[in-house]
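By convention in this document, chain letters (A, B, ...) are assigned in the order of the sequence lines, proteins followed by strands, and residues within each chain are numbered from 1. Computed from a prediction, not measured in an experiment: that's the story for all the values here.
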Amino acid sequence: MAYDKFNILKSTAVPLPIENVDTDQIIPARFLKATERVGFGDNLFRDWRFNSDNTPKAEFVLNNPLYSGKILVGGKNFGSGSSREHAAWAIYDYGFRCVVSSFFADIFKNNCLNIGVLPVQVSPEFAEKIFRAIEKDPKTEIEINLPEQTITIPASGDKESFDISSYKKDNMINGFDDIDYLVNMKPEIQEFASNLPL
Amino acid sequence: MSKTLFDKVWDSHVVRKIEGGPDVLFIDRHMVHEVTSPVAFLGLKSRGLRVLYPERTFATADHNTPTINQHLPVADPLSANQLKALESNSKEYGISYWGLGHQKNGIVHVVGPEYGITQPGATIVCGDSHTSTHGAFGAIAFGIGTSEVEMVLTTQCIMQPKPKKMRININGKLSKGVTPKDVALFIISQLSTSGATGYFVEYAGEVFENMTMEGRMTVCNLSIEMGARGGMIAPDETTINYVKGREFSPKGEAWDRALAYYKSLKTDSDAVFDKEYTFDGSTIEPMITYGTNPGMGMGITHSIPNAEEVEGGAATYAKSLNYMGFHEGEAMMGKKVDYVFIGSCTNGRIEDFRAFASIVKGRKKADHITAWLVPGSHIVEKQIQDEGLLDIFTEAGFTLRQPGCSACLAMNDDKIPAGKYAVSTSNRNFEGRQGPGSRTMLASPLVAAAAAVTGVVTDPRTLL
Ligand code: SF4
């Protein structure tokens with residue numbers, strides 16, 4: 001599925017300083033019944049965001065008008081649990097283009113990269129700095145520069161670089177996905193398959 | 001150069017290494033189910049792509065199926081629609097389809113091994129994180145996202161950076177009443193839910209060597225709960241005896257060739273792991289979880305730790321205990337239980353039901369307990385009947401449901417109501433995992449049985 005290209009993103013951010021946020025919280029299983037990739041943003045963090053009668057929970061950050069933006073800043077071990085790509089879809093569909101955390105679960109990170117959400121892993125200290133900056137001023141902007149692989153808090157000048165494989169980086173900048181690459185390899189794959197033990 | 005078991009299987013499946021990027025990995029076996037595949041098939045359609053090797057993919061319906069009255073049409077229109085999509089996609093692309101009512105239908109990670117689709121030394125993926133289960137056979141098996149399901153369908157490959165390697169050794173003998181589930185919950189409690197992120201785990205040592213295939217599957221199944229991509233155990237006689245003669249296992253000459261391959265699958269004695277842990281199996285107790293991730297577990301006789309004793313932020317810890325309605329320092333034993341669930345790809349195999357039966361035999365279900373006994377497949381269901389376990393269950397006041405994921409993820413009607421406590425043999429105790437507001441305590445089939453007959457959290461060793 002094609003997605004928007006990613007280059008430099010400057011935006012305010014939404015803080016969610018909770019650890020081990022699992023994909024069941026990001027999108028509960030009962031919202032996985034769709035057969036098309038539409039509308040998942042409405043159910044992002046469903047049970048943290050809404051009461052059982054569908055009224056918004058005022059204390060949850062997505063319902064707080066002070067916070068908004070295209071960047072979600074989560075606590076350590078973000079995206080653990082189920083492999084559901086729906087979690088990444090929900091984040092993208094809600095309007096986030098980047099998730100920042102000091103640690104990501106593997107499958108979630110992969111899923112994000114495959115659909116155009118940039119996972120930016122920062123040091124625990126830098127994550128703390130972001131949380132504190134946003135706490136002080138919810139309008140704090142964060143700048144993600146993918147070509148340079150840096151994340152900056154322009155107001156304070158704090159800056160850190162982050163890792164991403166050069167292959168995935170190119171994909172994100174150009175809006176390509178792995179399928180494009182693999183489809184071009186078909187003859188090589190078929191040759192390989194004919195020599196396998198199983 | 002000396003290699004680990006993981007290296008051997010991985011390296012022999014790399015089609016191409018991308019400079020500064022992932023490996024292109026060939027996938028031998030692919031399983032799909034109704035929930036994570038529809039958008040992948042849509043992707044194929046919109047790009048005009050076909051399935052490259054339909055014979056390497058198998059489809060079963062399990063996540064979103066009812067566990068009673070499976071002969072009736074599925075009542076929920078969204079679920080029915082998703083099941084129909086799987087059926088029509090499978091037909092259109094020539095994929096084996098084991099839908100509701102099919103004799104081979106069941107939980108994907110239970111039926112795969114039962115029919116011999118799972119093979120030592122294979123690469124196996126499925127759009128479900130507990131695909132790690134198949135690692136019990138010495139396969140590299142892991143969960144993938146829907147974009148990757150599409151990749152495998154159309155190219156039989158995915159792109160993955162090679163994970164780091166970890167070995168977990170457990171020696172010694174397990175005590176009575178301690179099951180493979182307890183071993184897994186123990187490991188996760190030691191490493192935490194993110195302790196193995198970025199790694200592929202090999203389990204080694206006497207405890208695993210002495211385990212049955214069912215037990216090994218339970219352990220490998222839970223690898224993902226400590227963040228590992230997967231876990232595996234070197235194939236041995238136990239593995240080969242299990243695999244031999246199954247419907248999709250190699251036959252005749254192909255079997256001889258396969259056997260030679262299986263026997264080559266072990267870690268070289270001087271191979272190096274990036275990380276290694278060793279535990280003494282005799283110190284493991286029956287385990288239970290008290291919080292909202294599988295790492296928040298402890299021996300059943302212990303008390304809930306204080307925030308300072310656990311890793312992670314105090315705020316997250318408080319939120320978790322608050323959700324569960326528990327407090328620091330409390331004992332778990334004697335806590336009231338409302339629901340008991342035995343089933344899932346973690347503990348929905350015949351051995352799990354035998355364990356459950358060993359405690360409920362001659363006892364009665366506690367009056368206030370609602371119990372859901374859900375076999376992982378029709379084979380398990382039949383074994384339960386044939387071995388007389390069903391009679392034991394019936395006499396004790398339990399009924400048996402039909403195969404499926406059921407309350408493991410509560411996509412169907414099997415939901416634990418808000419605020420209620422469940423002792424569950426499944427794999428996740430996340431907030432709302434078993435229904436909005438549900439409170440889950442993960443444990444073994446023995447602990448589940450002990451709770452089912454006493455109505456409270458009980459040490460199963462007192463009932464054996
Ligand atoms: S039983 Fe649970 S964990 Fe296993 S495949 Fe089904 S939903 Fe996934």
**OP:** Answer with side chain, backbone, both or neither: which region of Asp180(A) has an atom nearer than 4.5 Å to a non-hydrogen atom of chain B?
**Re:**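 Contact with chain B: backbone and side chain both.
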For chain A, find which of [options] contributes the most heavy-atom pairs closer than 4.5 angstrom.
options                         : value
Glu431(B), Gln156(B), Lys319(B) : Glu431(B)
Asp128(B), Thr292(B), Thr36(B)  : Asp128(B)
Ser192(B), Pro436(B), Gly43(B)  : Pro436(B)
Arg16(B), His63(B), Arg229(B)   : Arg16(B)
Glu225(B), Lys415(B), Glu148(B) : Glu148(B)

Among [options], single out the residue with the greatest number of heavy-atom pairs under 4.5 Å to chain B.
options                                    : answer
Arg84(A), Lys76(A), Met185(A), Arg30(A)    : Met185(A)
Asp24(A), Ile18(A), Asp47(A)               : Asp24(A)
Lys168(A), Gln190(A), Lys109(A), Lys169(A) : Gln190(A)
Asn111(A), Asp106(A), Ile164(A)            : Asp106(A)
His86(A), Gln25(A), Arg46(A)               : Gln25(A)
Ala34(A), Ser82(A), Ala87(A), Ala88(A)     : Ser82(A)

Are more than 12 heavy atoms, taken from residues, nucleotides or ligands other than [X], located less than 6.0 Å from that residue's [atom1] atom?
X         : atom1 : answer
Lys84(B)  : NZ    : no
Lys45(B)  : NZ    : yes
Asp163(A) : CG    : no
Asp413(B) : CG    : no
Glu19(B)  : CD    : no
Phe176(A) : CZ    : no
Lys162(B) : NZ    : yes
Lys5(A)   : NZ    : no

Beyond-backbone contact of [X] with [Y], side-chain heavy atoms, under 4.5 angstrom:
X         : Y         : value
Val149(B) : Glu85(A)  : no
Asp178(A) : Ser147(B) : no
Leu49(B)  : Ile179(A) : yes

Interface moiety of [X] toward chain A, non-hydrogen atoms closer than 4.5 Å:
X         : answer
Asn81(B)  : both
Ser129(B) : both
Arg433(B) : both
Gln160(B) : side chain
Ala315(B) : neither
Ser46(B)  : neither
Leu78(B)  : both
Val14(B)  : backbone
Ile224(B) : side chain

query: Does Lys33(A) pair with Asp76(B) as a salt bridge, N-O distance under 4.0 Å?
result: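 Yes, charged N to carboxylate O under 4.0 Å.
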[atom2] on [Y] to [atom1] on [X], rounded to 0.5 Å:
X         : Y         : atom1 : atom2 : result
Thr35(A)  : Leu83(B)  : OG1   : CG    : 11.0 Å
Asn77(A)  : Thr316(B) : CG    : OG1   : 10.5 Å
Leu52(B)  : Ile189(A) : CG    : CD1   : 7.0 Å
Ser320(B) : Asn20(A)  : OG    : CG    : 9.0 Å

Q: Please lay out, stage by stage, how Asp177(A) and Glu150(B) fare under the test side chain to side chain contact (heavy atoms under 4.5 Å, CB included).
A: CA-CA 11 Å; Asp177(A) 63 18; Glu150(B) 188 181 340; over 6 Å; no
Review point. Hey, which residues of residues 137-146 of chain B are touching chain A, say heavy atoms under 4.5 Å apart?
Key: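 Hits under 4.5 Å: Gly143(B), Ile144(B), Gly145(B), Thr146(B).
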Next item on the list: Measure from the side-chain N and O atoms of Ser165(A) to the backbone N and O of Gly21(B), and report whether any donor-acceptor pair falls under 3.5 Å.
Entry: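 No.
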| query | Can you tell me if Gln82(B) uses its side chain to pair, donor with acceptor, with the backbone of Leu32(A) under 3.5 Å? | reply |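 A pair under 3.5 Å: yes.
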request  = Applying side chain to side chain contact (heavy atoms under 4.5 Å, CB included) between Leu182(A) and each of Val24(B), Thr154(B), Val15(B), report the one that passes.
outcome  =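 Only match with Leu182(A) under side chain to side chain contact (heavy atoms under 4.5 Å, CB included): Val24(B).
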Considering non-hydrogen atoms only, spot the tightest contact between [X] and [Y] and give its length.
X         : Y         : value
Phe103(A) : Ser194(B) : CE2-CB, 3.7 Å
Tyr181(A) : Met159(B) : CD2-CE, 3.6 Å
Tyr167(A) : Pro22(B)  : CD2-CD, 3.5 Å

